[in-house]
Amino acid sequence: MEYLPLFVEVTARSCLVVGGGEIAARKASLLLKANAKVTIVAPEVSASTQALIDNDEVSWIQSVFVKEQLTSQMLVIAATDKMDVNKAVYQQAKAQNILVNVADCPELCDFILPSILDRSPLVVAISSGGHSPILARQLRARLETLIPPAYGRLASLVGRYRDAVKTKFNKLSMRRRFWESLLQGQVVDHVLAGRDDMAEQTLNHILNDVSDQELQQGEVYLVGAGPGDPELLTFKALRLMQQADVVFYDRLVSKEILALVRKEAEQIYVGKQRDWHAVRQEEINQLLLEHAQQGKRVLRLKGGDPFIFGRGGEEIETLAAENIHFQVVPGVTAASGCATYAGIPLTHRDYSQSCTFVTGQLKHGELKLNWSALVQPRQTVVIYMGLGGLPVLSQQLLSHGMAADTPAALIQQGTTEHQKVWISTIAELPAVAEREKPVAPTLIIIGDVVKLHDSLAWFNQ
Ligand code: SAH
């Protein structure tokens with residue numbers, strides 16, 4: 001981070017603006033919004049600055065800048081069109097240890113003024129660290145559409161109840177639970193619909209009736225994190241990721257996705273690799289159960305979709321047996337994510353009528369699959385966990401009658417910036433893997449649809 005974001009109280013504190021033009025007036029107005037005591041220094045002023053002076057909103061020192069004007073100022077903003085004046089303000093402020101900002105000149109700034117989304121008391125500040133104020137402004141415009149103006153009223157309403165909630169729930173974790181469930185429910189709907197009175201009634205009702213025990217229920221969220229690209233997460237996945245107390249994650253969950261989990265959540269790695277298991281499946285089932293029984297919101301984050309070669313079913317069976325609440329969130333499975341990002345439409349009607357997902361994981365060096373079913377024409381076969389068994393796989397498909405020139409693809413780390421695609425045939429695929437040494441995770445797609453990669457590949461080209 002190049003700058004430390006801070007929200008600073010400036011109410012009734014002296015702040016100096018050097019300059020009398022439009023930009024200076026805008027900076028002064030911003031300071032006034034936060035109730036600062038603003039003085040403007042300028043030999044002459046523009047109409048908008050004059051208006052502030054006439055309304056007694058700011059004081060005006062009608063002169064050029066001299067260093068004495070900095071005495072007892074908390075901060076100073078220089079916004080003149082004369083670079084030598086701006087520089088002098090900067091140097092003098094530095095010498096006196098006063099925070100300084102020179103408009104549009106990041107190298108002469110101790111602090112920068114972010115792009116602001118004002119839903120007071122809720123305020124979102126965005127900064128590009130001076131690298132691209134326009135980008136920050138565009139981002140702000142996007143947030144503008146995401147955060148309804150009513151959120152300001154919502155923040156004021158719940159702010160009035162902070163003390164009451166503190167009195168009722170003296171444990172921090174309980175208070176957090178209370179607020180999180182409250183802020184997902186009817187109270188918010190009422191405020192958004194402009195029914196603030198009803199929102200307050202509902203809030204009171206919930207506050208008085210909810211018991212510690214109800215709040216203390218643990219729950220498990222079994223969430224599919226998709227194949228890698230964080231933008232392929234579902235909204236629901238993201239929401240639950242942001243309210244978890246503890247997260248158990250797999251090797252397939254990317255760093256970028258983990259970074260979206262609530263910062264305070266404890267992160268526990270329970271990843272598996274082909275030949276060894278960091279934590280055995282039964283232990284994972286048990287860990288989820290124990291943490292939920294302690295009243296925690298447990299996020300079980302899995303690559304792809306939890307119900308597709310993800311053993312998600314086993315994990316929730318244990319929970320169901322113990323009457324622990326759980327929710328399952330589907331994710332984009334590797335077949336879908338990788339095929340799409342490799343430009344391979346799995347069921348393009350000119351080539352394929354069905355698509356089969358199979359596991360290629362070897363058991364004791366063997367692969368027991370329904371081979372004759374896999375060699376049917378006009379079918380796409382997607383193989384998960386097939387890298388280790390690729391030679392066996394290729395040889396079995398060939399000996400069960402698959403044409404040697406059937407197109408086949410290897411997709412390594414699909415949907416991520418490291419995605420690599422190798423196109424070959426089922427006969428040649430083992431040699432390609434031997435030569436190129438793809439790393440996990442890699443998916444195999446077999447069938448005529450693979451031909452379309454040539455013309456339809458669009459990602460990471
Ligand atoms: N539940 C997961 C699959 C877990 S099995 C899902 O729905 O996607 C693990 C296998 O999935 C890996 O061996 C690999 O074959 C495949 N896989 C998962 N993510 C992948 C990715 N980003 N790129 C390529 N293959 C992937």
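We count ligands from 1, going down the list as the structure has it; atoms in each ligand are counted the same way. Here the structure is a predicted model, which is why all the values come from computation and not from measurement. Computation of the quantities below employed the complete heavy-atom set of this structure, encompassing side-chain atoms and omitting hydrogens, waters and symmetry-equivalent molecules.
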Nearest protein heavy-atom contact for [atom]: which residue, which atom, what distance?
atom                    : result
atom 10 (C) of ligand 1 : Met385 CG, 3.7 Å
atom 22 (N) of ligand 1 : Pro227 O, 2.8 Å
atom 11 (O) of ligand 1 : Tyr384 CD2, 3.3 Å
atom 23 (N) of ligand 1 : Gly414 N, 2.8 Å
atom 5 (S) of ligand 1  : Phe309 O, 3.6 Å

Quick one: does [X] get a heavy atom under 4.0 Å from ligand 1?
X      : result
Ala440 : no
Thr415 : no
Cys338 : yes

So if I count the atoms of ligand 1 from 1 in the order they appear, which ones are less than 4.0 Å from some heavy atom of [X]?
X      : value
Ala334 : 6 (C), 7 (O), 8 (O), 16 (C), 17 (N), 18 (C), 19 (N), 20 (C), 26 (C)
Leu252 : 4 (C), 9 (C), 18 (C)
Thr333 : 6 (C), 7 (O), 8 (O)
Ile411 : 24 (C)
Gln413 : 22 (N), 23 (N), 24 (C)
Ile308 : 1 (N), 2 (C), 3 (C), 6 (C), 7 (O)

Quiz item: Hey, is ligand 1 close enough to Thr442 that some N/O pair sits below 3.5 Å?
Solution: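 Yes - when backbone and side-chain N and O of Thr442 are compared with those of ligand 1, one distance drops under 3.5 Å.
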
Practice problem: Report yes if some N/O of Gly303 lies less than 3.5 Å from some N/O of ligand 1; otherwise report no. | Solution: yes

Quiz prompt | Heavy-atom pair with the smallest gap, counting every atom of Leu113 and Ile77 | solution =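 Scanning both residues, the minimum pair turns out to be CD1-CD1, 4.0 Å.
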
Quiz item: Any idea which heavy atoms bring Leu301 and Val253 closest together, and the distance?
Solution: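 Heavy-atom minimum between the residues: O-CG2, 3.6 Å.
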
Practice problem: Report yes or no: do Glu9 and Thr11 form a side-chain donor-acceptor pair below 3.5 Å? | Solution: yes

Quiz item: Measuring from Leu240:CG to Gln327:CD, what's the distance to the nearest 0.5 Å?
Solution: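 Answer rounded to 0.5 Å: 5.0 Å.
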
Quiz item: Are Asp118 and Arg140 ion-paired here, with the side-chain N under 4.0 Å from a carboxylate O?
Solution: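 No salt bridge links Asp118 with Arg140.
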
Quiz item: Can we say Arg26 and Glu22 salt-bridge, meaning some charged N sits less than 4.0 Å from an Asp/Glu carboxylate O?
Solution: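 Between Glu22 and Arg26 there is no salt bridge, as every charged N stays at least 4.0 Å from the carboxylate O atoms.
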
Quiz item: Does the ring centre of Tyr269 sit less than 6.0 Å away from the ring centre of Tyr249?
Solution: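 Aromatic pair counts; centres sit under 6.0 Å.
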
Quiz item: When you look at Tyr384 and Phe357, which way does the ring pair (Phe, Tyr, Trp, His ring centres under 6.0 Å) test go after all the steps?
Solution: CA-CA 7 Å; Tyr384 288 71; Phe357 296 175; 5.8 Å; yes

Self-check item: Aromatic plane relationship, Phe178 with Phe169 - under 30° parallel, 30 to 60° tilted, over 60° perpendicular
Solution: tilted

Quiz item: Are Arg378 and Asp448 close enough, and set up right, to give a salt bridge (charged side-chain N to carboxylate O under 4.0 Å, His left out), and what steps lead you there?
Solution: CA-CA 8 Å; Arg378 297 182 64 76; Asp448 286 335; over 6 Å; no

Quiz item: Where's the contact between Thr359 and ligand 1, heavy-atom distance under 4.0 Å: side chain, backbone, both or neither?
Solution: neither

Self-check item: Exceeds 12 heavy-atom contacts within 6.0 angstrom, atom NZ of Lys420
Solution: no

